[in-house]
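Just below is one structure, and these are the notes that go with it.
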Amino acid sequence: MASDLETIALKAFINYDFERAVQLLTLAISFRPNDAELFAERAEANLSRCYFNEAVADASRAIELDPSMHKAYFPMGDAFYELGKYQNAKEAWELGSSLAPVDARFTDSIKRCDERIAEIYGEILNPPPVKASTQVEPVEGGRESGRIVNEVPNQVTSKLNVKSKYR
């Protein structure tokens, strides 16, 4: 019964009827609740219908049932990526790649993820040098106060108290 449902679900998936595929795979899972393959297939179907949290949950269950199932790591990584959890995506794809090193999808996805992480976090981790200007603030009466103001755009302004060389 479950294998018939799985076959029909795969046909629905091929025909882009992801909602129907999820329904059929859910029914198949009710007959075989410990079948990692069914959870991995439902993860793919949930990913295709943009149900990313459900895809992560199904892929996680598939991996829990069979940690060596490399095909479950791919939808997990894709779902994490779509959720903006790039480090989790990268970790999922790296685990999948370690199980299926010849599958170029993992390598390509890891590279894409690294580029995205660098794009977002690279500037924060390695900010470009900012050229600062130094200016002395005058005090009332037109005399210099000895306070140097470091003016840097978009950063906290630092003020240093400096004693005058001449009194």
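Heavy-atom basis, side chains included; hydrogens, waters and symmetry copies ignored.
Here the shortest heavy-atom pairing between A72 and A40 reads CB-CB, 4.2 Å. Here the closest non-hydrogen pair linking H70 and G96 is CB-O, 3.9 Å. Nearest heavy atom pair, residue A55 against residue L47, reads CB-N, 3.8 Å. The shortest non-hydrogen separation linking L99 to P67 is CD1-O, 3.4 Å.
Annotation: side chain to side chain contact (heavy atoms under 4.5 Å, CB included) contacts of E64 (sequence neighbours excluded): R61. For Y86, the ring-ring contact (aromatic ring centres under 6.0 Å, His included) test picks out Y81, with sequence neighbours left out. Every salt bridge (charged side-chain N to carboxylate O under 4.0 Å, His left out) that D114 has, sequence neighbours left out, goes to K90. For F39, there are no ring-ring contact (aromatic ring centres under 6.0 Å, His included) partners at least two apart in sequence or on another chain. Annotation: ring-ring contact (aromatic ring centres under 6.0 Å, His included) contacts of F13 (sequence neighbours excluded): F18.
Between I110 atom CD1 and R105 atom CZ the span is 12.0 Å, to the nearest 0.5 Å. Rounding to the nearest 0.5 angstrom, the gap separating the CZ atom in F74 from the CD atom in E44 is 7.5 Å. Here CG of L5 is found 11.0 Å from CG of L10. Values are rounded to the nearest 0.5 Å. The distance from atom OG of S68 to atom OH of Y73, rounded to the nearest 0.5 Å, is 8.0 Å. Going from atom CD of E19 over to atom CG of N46 covers 8.5 Å, rounded to the nearest 0.5 Å. The distance from the CE atom of M76 to the CH2 atom of W93 is 12.0 Å, given to the nearest 0.5 Å.
Look at R49 and E54 and you find no salt bridge, because none of the NZ, NE, NH1 or NH2 atoms lies under 4.0 Å from a carboxylate O. With respect to the salt-bridge test (charged N to carboxylate O, under 4.0 angstrom), the residues R112 and E115 do not qualify.
Side-chain contact between S97 and D103 is absent, with no heavy-atom pair separated by less than 4.5 Å. For the pair D78/E82, no side-chain contact is recorded, criterion being any heavy-atom separation below 4.5 Å from C-beta on. Side-chain contact check for M69 versus I63: every heavy-atom pair is 4.5 Å or farther apart.
Side-chain atoms of S109 never come within 3.5 Å of backbone atoms of F106 as a donor-acceptor pair (strictly under, hydrogens ignored).
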With a 3.5 Å cut-off and sequence neighbours excluded, list the donor-acceptor pairs that the side chains of residues 20-32 form with protein atoms.
| residue | atom | partner | partner atom | Å |
| --- | --- | --- | --- | --- |
| T26 | OG1 | V22 | O | 2.7 |
| T26 | OG1 | R42 | NH1 | 2.9 |
| S30 | OG | L27 | O | 2.5 |
| R32 | NE | D35 | OD2 | 2.8 |
| R32 | NH2 | E6 | OE1 | 3.3 |
| R32 | NH2 | D35 | OD2 | 2.6 |

